[in-house]
Amino acid sequence: MEEQMNKFWDIEEPESAPDAFTDEGKYEFMFRNECVRLPSGRFSVPLPFRVPILPTTFGSSRSMAVKHFESLERKLFSNPQLQTLYTNFMDDYLALSHMSIAPTPGHYFVPHHAIYKADDGDAKIRVVFDASARCSAGPSLNSCLLPGRSYNSML
């Protein structure tokens, strides 16, 4: 049993991230200085932006997200089953605290859409959040973030 516990801790204990992975230590610095534990016990970690973001950086993201959502609404109204699945998905996201109602307007609005294939016999939905969508008057959220680790290099 002791040997199994040692193996478990060897696997679970994180190693220090190499500098190449952390963009010469920038990720580690940001994490150590800006990560906080919330009263709920969860951690709040900032997004790793390449440069500081101004309130105007994503100025047109709301109008872009609204256009995407209006298109999604038309799709939902024409398909009651999809509408039910989408509503249930969003209710689950709220219940699981994967999202919450924003108390103040945000700086970037993430457009999303639903993917559903009725002919596969399984009533499942996939909601895709598209942070790579470019704003008409600015960059996408993903293009402003530092790149993460390439999982292909881990294989």
Side-chain angles (χ1 to χ4, degrees), residues 11-12 14-15 17-18 20-23 26-155:
I11 293 169
E12 291 298 314
E15 296 178 18
F21 168 65
T22 64
D23 200 32
K26 191 171 184 178
Y27 290 154
E28 286 290 321
F29 179 80
M30 289 171 67
F31 179 80
R32 290 181 192 277
N33 292 322
E34 299 179 42
C35 176
V36 295
R37 188 150 200 178
L38 303 173
S40 66
R42 291 179 176 227
F43 288 93
S44 175
V45 182
L47 291 174
F49 286 106
R50 295 174 191 266
V51 295
I53 298 298
L54 302 172
T56 57
T57 301
F58 304 116
S60 63
S61 71
R62 185 179 193 285
S63 61
M64 177 206 33
V66 167
K67 285 180 186 175
H68 279 82
F69 187 71
E70 288 170 345
S71 174
L72 175 60
E73 276 187 322
R74 287 190 296 275
K75 188 175 178 179
L76 296 176
F77 286 133
S78 68
N79 186 337
Q81 185 176 12
L82 175 58
Q83 184 176 20
T84 300
L85 291 169
Y86 175 82
T87 301
N88 292 342
F89 176 90
M90 289 299 178
D91 287 343
D92 287 346
Y93 247 48
L94 279 169
L96 295 169
S97 299
H98 293 324
M99 69 177 182
S100 60
I101 306 296
T104 60
H107 296 289
Y108 184 79
F109 296 83
V110 182
H112 66 281
H113 62 277
I115 297 178
Y116 171 69
K117 292 183 181 177
D119 59 336
D120 68 2
D122 202 5
K124 289 187 179 179
I125 185 176
R126 186 165 55 105
V127 176
V128 178
F129 296 89
D130 187 8
S132 293
R134 298 187 61 83
C135 304
S136 62
S140 71
L141 177 62
N142 283 353
S143 68
C144 293
L145 296 172
L146 289 166
R149 183 174 188 177
S150 170
Y151 290 99
N152 292 334
S153 66
M154 293 174 27
L155 299 176

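A quick note: this is a predicted structure, and the numbers were derived from the prediction, not measured.
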Task: Donor + acceptor pair across side chains of Ser140, Ser143 (<3.5 Å) - done: yes
- [ ] Evaluate the criterion side chain to side chain contact (heavy atoms under 4.5 Å, CB included) for residue pair Gln81 and Leu85; output intermediate values, then yes/no.
- [x] CA-CA 6 Å; Gln81 185 176 12; Leu85 291 169; 4.3 Å; yes
TODO: Using modelled atom types only, decide if a donor and an acceptor are shared between the side chain of Ser61 and the backbone of Cys135 within a distance under 3.5 Å.
DONE: no
- [ ] Determine the minimum heavy-atom distance between Ala114 and Leu82, stating which atoms define it.
- [x] CB-CD1, 4.2 Å
Open item on the list: I need the minimum non-hydrogen distance between Met64 and Phe109, along with the two atoms involved.
Closed with: CE-O, 4.3 Å
- [ ] Determine the minimum heavy-atom distance between Ser78 and Lys75, stating which atoms define it.
- [x] OG-O, 2.9 Å
Open item on the list: So that I know where these two stand, are Tyr93 and His98 an aromatic pair - ring centroids less than 6.0 Å apart?
Closed with: yes
Open item on the list: If I compare all heavy atoms of His112 with all of Met90, which pair ends up nearest, and what's the gap?
Closed with: NE2-CE, 3.6 Å
Task: Considering all heavy atoms, the nearest Gln83-Phe77 contact - done: NE2-CE2, 3.8 Å
Open item on the list: Does any part of the side chain of Val45, heavy atoms only, come nearer than 4.5 Å to the side chain of Glu34, both counted from C-beta?
Closed with: no
Task: Min side-chain heavy-atom separation Tyr86-Leu72 under 4.5 Å - done: yes
Open item on the list: With heavy-atom distances below 4.5 Å as the criterion, would you say the side chains of Phe58 and Cys144 are in contact?
Closed with: yes
- [ ] For side chain to side chain contact (heavy atoms under 4.5 Å, CB included), just list the numbers for Arg126 and Phe89, CA-CA rounded to whole Å, side-chain angles, deciding distance to a tenth of an Å, and then say yes or no.
- [x] CA-CA 9 Å; Arg126 186 165 55 105; Phe89 176 90; over 6 Å; no
TODO: Would you mind reporting whether Phe49 and Leu141 have side-chain heavy atoms less than 4.5 Å apart?
DONE: yes
Task: Test log, rule side chain to side chain contact (heavy atoms under 4.5 Å, CB included), inputs His113 and Val127 - done: CA-CA 6 Å; His113 62 277; Val127 176; over 6 Å; no
TODO: Identify the two heavy atoms, one from Leu145 and one from Arg50, that lie closest to each other, and give their separation to 0.1 Å.
DONE: O-NE, 3.1 Å
Open item on the list: What's the separation between atom OG1 in Thr87 and atom CG in Leu76, rounded to the nearest 0.5 Å?
Closed with: 7.0 Å
